[in-house]
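Since the structure comes first, as structure tokens, the remarks are kept for the end.
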Amino acid sequence: MLQPFTRVLDLGTGDIAPENRLVRRRLSDMRGAYAEDCDGAQVVYEVFNIDVPETNSELQTCTTRLYNGKVGDEYFMTKGHFHEVRDRSEVYLTTSGYGRLVMATEDGRYAIEEMRPGSMNYIPGGWSHRSVNVADEPLVFFAAYIGDSGHDYGSIEERGFPVLVVEGPSGPEVVPNPRYQSS
Ligand code: PAN
Ligand code: ZN
């Protein structure tokens with residue numbers, strides 16, 4: 001049995017204290033995710049993880065700080081994934097910034113939800129998910145998901161999402177992804 005514990009989250013930056021496990025994704029880690037080539041050391045996002053056993057009796061929690069920026073007309077975004085255990089659900093709580101949460105099922109249905117301070121997005125089991133920063137400041141959100149969920153990035157790397165969020169003449173637009181491989 002785990003010992004109860006408390007961490008302190010900076011709502012503006014996403015930093016968690018005391019120490020936590022950090023995953024940092026740079027443009028060079030995002031190759032293939034965008035229609036345009038991307039490379040280099042610029043940081044696209046960081047995930048601050050609180051580690052607990054990866055079992056279905058615990059909840060994984062973390063914050064993501066997704067920086068603002070673009071590759072071509074596509075906003076900075078997370079890689080996106082299905083949970084390896086497909087029916088595992090997740091909740092996101094945005095604490096700072098503005099974005100879109102793109103979700104899709106394996107049979108090609110998709111949903112887009114807004115992310116803004118205070119948004120609580122529910123991601124049901126079976127839906128892949130990717131966050132997109134559509135503003136000029138970092139997007140920060142807290143996530144909680146079932147401990148044994150796992151992350152399947154390969155399916156998204158192979159097939160992509162059915163839609164993209166791009167910058168249009170009057171702001172963010174959702175457009176079909178010409179590279180999407182339907183099943
Ligand atoms: C989130 C994501 C986080 C980074 O914690 O893992 O925002 O996105 P990628 O994992 O797609 O790189 C989550 O959905 N966890 O399950
Ligand atoms: Zn997830």
Side-chain angles (χ1 to χ4, degrees), residues 14 22-39 42-49 60-94 97-116 119-135 138-146 148-167 172-183:
L22 171 65
V23 174
R24 186 170 274 143
R25 301 281 188 212
R26 301 175 183 278
L27 276 177
S28 54
D29 300 313
M30 300 297 289
R31 286 195 206 107
Y34 294 101
E36 268 189 26
D37 284 342
C38 64
D39 202 359
Q42 189 178 355
V43 177
V44 179
Y45 60 100
E46 293 159 320
V47 184
F48 305 90
N49 295 280
Q60 304 284 342
T61 52
C62 61
T63 53
T64 302
R65 177 161 67 222
L66 173 56
Y67 290 95
N68 45 300
K70 283 189 301 167
V71 176
D73 62 358
E74 293 181 80
Y75 297 101
F76 275 11
M77 62 191 184
T78 57
K79 283 171 172 274
H81 57 268
F82 282 98
H83 288 156
E84 216 156 272
V85 182
R86 283 290 190 271
D87 68 356
R88 296 307 196 235
S89 54
E90 181 156 6
V91 171
Y92 282 3
L93 166 63
T94 300
Y98 298 86
R100 299 287 182 276
L101 176 55
V102 181
M103 291 169 278
T105 58
E106 285 184 293
D107 60 7
R109 284 177 292 149
Y110 68 88
I112 313 272
E113 295 289 331
E114 260 201 69
M115 301 175 78
R116 56 172 59 240
S119 295
M120 294 185 289
N121 304 116
Y122 188 81
I123 304 166
W127 290 78
S128 61
H129 38 286
R130 161 181 285 164
S131 321
V132 183
N133 184 346
V134 300
L139 171 67
V140 178
F141 59 95
F142 173 82
Y145 56 102
I146 301 164
D148 66 353
S149 300
H151 294 89
D152 167 14
Y153 293 103
S155 300
I156 300 299
E157 281 164 7
E158 279 162 30
R159 300 179 51 197
F161 277 81
V163 289
L164 305 174
V165 183
V166 300
E167 187 179 56
E173 285 176 7
V174 178
V175 298
N177 176 6
R179 298 190 301 150
Y180 177 62
Q181 313 264 321
S182 55
S183 54

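The residues of the chain are indexed from 1 along the displayed sequence. Keep in mind that the numbers below use all heavy atoms, side chains included, and drop hydrogens, waters and symmetry copies. On a predicted model such as this, the values are computed, not experimentally measured, just so you know.
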Could you tell me which non-hydrogen atom of Ala104 sits nearest to which non-hydrogen atom of Pro162, and how far apart they are?
CB-CD, 3.6 Å

Has Glu74 got a side-chain atom pairing as donor or acceptor with Ala35's backbone, closer than 3.5 angstrom?
yes

Show your reasoning for whether side-chain contact (heavy atoms from CB on, under 4.5 Å) applies to Val132 and Val102.
CA-CA 8 Å; Val132 183; Val102 181; 4.0 Å; yes

Candidate pair Gln42 and Arg26, rule side-chain contact (heavy atoms from CB on, under 4.5 Å), full reasoning
CA-CA 5 Å; Gln42 189 178 355; Arg26 301 175 183 278; over 6 Å; no

Once you round to the nearest 0.5 Å, how far does CD of Glu106 lie from CZ of Arg159?
6.5 Å

Hey, does Glu173 have a side-chain heavy atom less than 4.5 Å from the side chain of Leu164?
no

Tightest non-hydrogen contact, residues Tyr75 and Val165, listed as CD1-O, 3.6 Å

Stepwise side-chain contact (heavy atoms from CB on, under 4.5 Å) check, His129 with Tyr92
CA-CA 11 Å; His129 38 286; Tyr92 282 3; 3.3 Å; yes

Any side-chain heavy atom of Ser89 within less than 4.5 Å of one from Ile146?
yes

Residues Glu46 and Arg25 bridged, charged N to O under 4.0 Å:
no

For Ser28 and Asp39, work out which heavy atoms get closest and say how close.
CB-OD1, 3.3 Å

Please check: side-chain N/O of Thr63 versus main-chain N/O of Gly14, any donor-acceptor pairing under 3.5 Å?
yes

Which pair of heavy atoms, one from Val71 and one from Cys38, lies closest together, and at what distance?
CG1-CB, 4.0 Å

Any chance the side chains of Asp107 and Thr105 put a donor and an acceptor closer than 3.5 Å?
yes

Would you say that Leu22 contacts Arg24 through its side chain, given a criterion of any heavy-atom pair below 4.5 Å between the two side chains?
yes

For the backbone of Phe161 and the side chain of Asn177, can you confirm whether one donor and one acceptor N or O come within less than 3.5 Å of each other?
yes

Taking atom CD of Glu90 and atom NE2 of His83, what is their separation to the nearest 0.5 Å?
4.0 Å

Does Tyr180 OH have over 12 foreign heavy atoms under 6.0 Å away?
yes

Would the distance check show the side chain of Asn121 and the main-chain N or O of Glu114 forming a donor-acceptor pair, the cut-off being under 3.5 Å?
yes

Any Met120 side-chain heavy atom under 4.5 Å of Leu93 side chain:
yes

Is a donor on one side and an acceptor on the other found under 3.5 Å between the side chain of Thr78 and the backbone of Ser131?
yes

Carboxylate-amine/guanidinium proximity below 4.0 Å for Asp29 and Lys79:
no

So that I know where these two stand, are Tyr67 and Phe76 an aromatic pair - ring centroids less than 6.0 Å apart?
no

Calculate, to the nearest 0.5 Å, the distance between atoms CH2 and OH belonging to Trp127 and Tyr110 respectively.
10.5 Å

Distance alone, cut at 3.5 Å: any donor-acceptor contact between the side chains of Arg88 and Tyr145?
no

Classify the side-chain pair Glu84/His151 by whether it contains a donor and acceptor separated by less than 3.5 Å.
no

Does some side-chain heavy atom of Val44 sit less than 4.5 Å from a side-chain heavy atom of Leu27?
yes

Return the CG to CZ distance between Leu139 and Arg100, rounded to the nearest 0.5 Å.
10.5 Å

Phe141 and Thr94: which non-hydrogen atoms are nearest, and at how many Å?
CB-CA, 3.8 Å

Is there a donor-acceptor pair under 3.5 Å between the side chain of Asn133 and the backbone N or O of Leu66?
yes

For the CZ atom of Phe48 and the SG atom of Cys62, what is their distance to the nearest 0.5 Å?
10.5 Å

Testing the basics here: between Ile123 and Met103, what is the closest heavy-atom pair and its distance to 0.1 Å?
CG1-SD, 3.9 Å

Roughly how far, to the nearest 0.5 Å, is the NE2 atom of His81 from the OG atom of Ser128?
8.5 Å

Is the closest side-chain heavy-atom distance between Val163 and Val175 below 4.5 Å?
no

For a 4.5 angstrom cut-off between non-hydrogen side-chain atoms, does Ile112 reach Leu101?
no

